[in-house]
**Student:** 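Quick one: this structure, given as structure tokens, is what I'll be asking you about.
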Amino acid sequence: MKRIAVITSGGDAPGMNACIRAIVLTASQHDIEVIGFRHGFRGIVEDLNQPLHPNDMRLVSQRGGTILLSSRYPQFKEVDAARQAAAVLDQHDISALVVIGGDGSFRGAHHLDQYWDGQVLGLPGTIDNDLAGTDTTIGFTTAVDTAMEAIDRIRETAEAMARVFLIEVMGRHAGFIGLHAAIAGSAEAMLVPELEPQPKLADLADSIRRARQAFPDSSYLIVVSENLWPGGVEELARQLTQATGTTCHSAPLGHIQRGGRPNAADRILSMQLGQAAVHAVLDGISGHMIGVEQGHVVRVPLHLTFERDKQLDSRLVDLQLGLQQLNFASNVVKESA
Ligand code: F6P
């Protein structure tokens with residue numbers, strides 16, 4: 001009987017459990033045994049193994065987080081760590097490893113592939129959606145839903161009190177959550193790392209001032225990607241308060257974006273990718289990510305997923321920037337009427 005191993009690595013993402021379930025069930029259909037290692041790559045190095053049976057997969061896919069637990073393990077860059085992981089995988093007679101994770105995890109998977117004879121496959125699991133070669137990643141749309149719901153809630157209180165809010169969303173160094181949450185939350189402005197040129201403090205302050213003049217009884221929300229403004233969103237709020245004379249509130253959403261039940265799209269994606277990973281194992285594929293492009297499963301060399309930057313959809317960027325402009329245009333129409 002063939003044996004494969006699975007880990008979840010790096011930041012957990014809603015849908016990882018549904019993916020594990022699909023791997024275990026599909027594998028059992030092909031008479032393949034599945035072993036999990038807890039806490040990602042660290043769990044392989046420390047041999048924290050856990051058998052995964054189809055019967056254990058009930059009531060799993062609807063849960064957030066990861067039943068296999070995860071960790072960040074920068075030590076895995078070292079050759080010794082990869083060699084140790086390879087030895088542990090061999091001791092368990094494992095022929096393929098499936099890594100569910102993001103950019104850092106795929107670097108780890110690629111590294112291991114150099115020191116281990118088994119097959120190494122990656123499944124894109126990160127709320128950031130910042131992996132090239134796949135249209136979307138496990139957890140991304142749920143994180144956007146969560147951010148949108150939080151923005152909607154802030155909108156209600158902000159509207160009631162006619163306040164300005166700066167809402168910080170996750171994304172590491174990419175603006176996918178920021179862009180999608182800004183559109184879905186009808187944000188008046190958006191700050192994401194991909195904007196060229198980046199809006200300056202004076203531009204943001206000017207927009208807030210104009211909006212306050214035009215709509216004194218309305219709220220004004222800016223969605224801001226994390227790691228963008230030196231000192232964070234609190235510092236940006238402080239500077240904007242000073243520049244505009246209007247109190248600007250900061251609301252970092254933080255890790256609530258990572259937890260929670262996966263939405264339907266993430267469950268479906270996870271199961272599609274989990275099943276495809278087992279098929280790739282049977283096809284003898286190694287060193288690849290299994291992703292989706294335009295609804296089709298694709299196999300992409302692992303290094304191409306993290307060596308290239310994934311671009312935001314320019315049509316969505318234009319949509320948001322255009323709608324931001326229209327905020328003011330609608331007021332011009334109102335004034336001239
Ligand atoms: O990669 C997912 C992510 O949530 C990023 O959006 C964020 O920058 C990072 O992880 C936070 O990592 P940690 O939970 O280790 O602080």
Side-chain angles (χ1 to χ4, degrees), residues 7-17 19 38-43 63-66 68-77 99-110 122-151 166-182 184-185 190-194 223-236 250-263 266 269-270 273 289 291 302 305-310 312:
I7 58 169
T8 50
S9 166
D12 51 287
M16 282 181 162
N17 290 327
C19 190
R38 294 187 294 281
H39 298 292
F41 286 107
R42 176 165 75 78
R63 285 168 56 189
T66 161
L68 276 179
L69 313 178
S70 192
S71 68
R72 302 208 185 269
Y73 189 56
Q75 297 90 320
F76 201 67
K77 287 194 192 94
V99 177
I100 312 171
D103 168 89
S105 308
F106 282 8
R107 287 173 199 269
H110 184 58
L123 294 184
T126 165
I127 64 165
D128 298 339
N129 193 24
D130 59 348
L131 287 166
T134 185
D135 288 344
T136 188
T137 56
I138 293 167
F140 169 62
T141 59
T142 302
V144 172
D145 285 351
T146 305
M148 179 190 71
E149 194 184 325
I151 293 168
L166 279 72
I167 303 165
E168 185 183 85
V169 296
M170 278 187 165
R172 210 165 54 108
H173 300 294
F176 291 94
I177 298 177
L179 170 63
H180 288 245
M190 159 184 93
L191 268 180
V192 295
E194 293 85 352
V223 169
V224 185
S225 289
E226 65 173 342
N227 298 321
L228 193 53
W229 200 267
V233 75
E234 291 88 353
E235 175 59 18
L236 178 58
S250 61
L253 299 187
H255 287 80
I256 64 159
Q257 295 159 97
R258 279 243 295 266
R261 292 155 63 88
N263 66 15
D266 272 326
L269 172 72
S270 301
L273 293 178
M289 171 189 77
L302 273 175
T305 68
F306 55 79
E307 282 172 2
R308 304 174 292 172
D309 279 340
K310 181 171 174 180
L312 294 181

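Numbering of ligands and ligand atoms starts at 1, following listing order.
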**Student:** Can you tell me the protein heavy atom closest to atom 9 (C) of ligand 1 and the distance?
**Tutor:**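 The closest one turns out to be R72 NH2, 3.5 Å.
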**Student:** Fit a plane to each ring of F41 and F76, take the angle between them on a 0 to 90° scale, and name the class: parallel (under 30°), tilted (30 to 60°) or perpendicular (over 60°).
**Tutor:** parallel
**Student:** Does a side-chain heavy-atom distance below 4.5 Å link L253 with I167?
**Tutor:**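 A side-chain contact under 4.5 Å exists here.
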**Student:** Please determine whether side-chain contact (heavy atoms from CB on, under 4.5 Å) holds for the pair D103 and T126, giving the CA-CA distance in whole Å, both sets of side-chain angles, and the decisive distance to 0.1 Å.
**Tutor:** CA-CA 8 Å; D103 168 89; T126 165; over 6 Å; no
**Student:** Please report whether ligand 1 has a polar contact with M170, defined as an N or O pair separated by less than 3.5 Å (distance criterion only).
**Tutor:**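 Such a contact does not occur with ligand 1.
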**Student:** Say whether G102 and ligand 1 are in contact under the criterion: heavy-atom distance to a ligand atom below 4.0 Å.
**Tutor:**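 No.
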**Student:** When you measure from atom 3 (C) of ligand 1 to every protein heavy atom, which one gives the shortest distance, and what is it?
**Tutor:**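 Protein heavy atom at minimum distance: R258 NH1, 3.5 Å.
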**Student:** At what distance is the nearest protein heavy atom to atom 16 (O) of ligand 1, and which residue and atom is it?
**Tutor:**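 Its nearest protein heavy-atom neighbour is H255 NE2, 3.7 Å.
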**Student:** Checking contacts here: is it the side chain or the backbone of Q257 that comes within 4.0 Å of ligand 1, counting heavy atoms only? Could be both or neither.
**Tutor:**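 None of Q257 does.
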**Student:** Measure the distance from atom 6 (O) of ligand 1 to every protein heavy atom, then report the residue, atom name and distance (to 0.1 Å) of the closest one.
**Tutor:**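 Checking every protein heavy atom, the shortest distance to atom 6 (O) of ligand 1 gives D128 OD1, 2.6 Å.
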**Student:** Test side-chain contact (heavy atoms from CB on, under 4.5 Å) on I127 and T146; report intermediate values, then the result.
**Tutor:** CA-CA 11 Å; I127 64 165; T146 305; over 6 Å; no
**Student:** I need the nearest protein heavy-atom contact for atom 7 (C) of ligand 1: residue, atom name and distance, please.
**Tutor:**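 Among all protein heavy atoms, the one nearest atom 7 (C) of ligand 1 is E226 OE2, 3.2 Å.
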**Student:** Is it true that N263 and T141 share a donor-acceptor pair across their side chains at a distance under 3.5 Å?
**Tutor:**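 Per modelled atom types, T141 and N263 side chains form a pair under 3.5 Å.
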**Student:** Are any of the side-chain heavy atoms of E194 and S225 separated by less than 4.5 Å?
**Tutor:**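 No, every pair of side-chain atoms sits at 4.5 Å or beyond.
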**Student:** Pairs of nitrogen or oxygen atoms closer than 3.5 Å, one from N227 and one from ligand 1: do any exist?
**Tutor:** no
**Student:** Among D130, D128, T134, exactly one meets side chain to side chain contact (heavy atoms under 4.5 Å, CB included) together with K310. Which residue is that?
**Tutor:**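 Single side chain to side chain contact (heavy atoms under 4.5 Å, CB included) partner of K310 among D130, D128, T134: T134.
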**Student:** Yes or no: does H173 have any heavy atom under 4.0 Å from an atom of ligand 1?
**Tutor:** no
**Student:** Step by step, would you call I100 with I7 a side-chain contact (heavy atoms from CB on, under 4.5 Å)?
**Tutor:** CA-CA 6 Å; I100 312 171; I7 58 169; over 6 Å; no
**Student:** So if I count the atoms of ligand 1 from 1 in the order they appear, which ones are less than 4.0 Å from some heavy atom of R172?
**Tutor:** 5 (C), 6 (O), 8 (O)
**Student:** Answer side chain, backbone, both or neither: which part of I127 comes under 4.0 Å from ligand 1, heavy atoms only.
**Tutor:**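 Side chain only.
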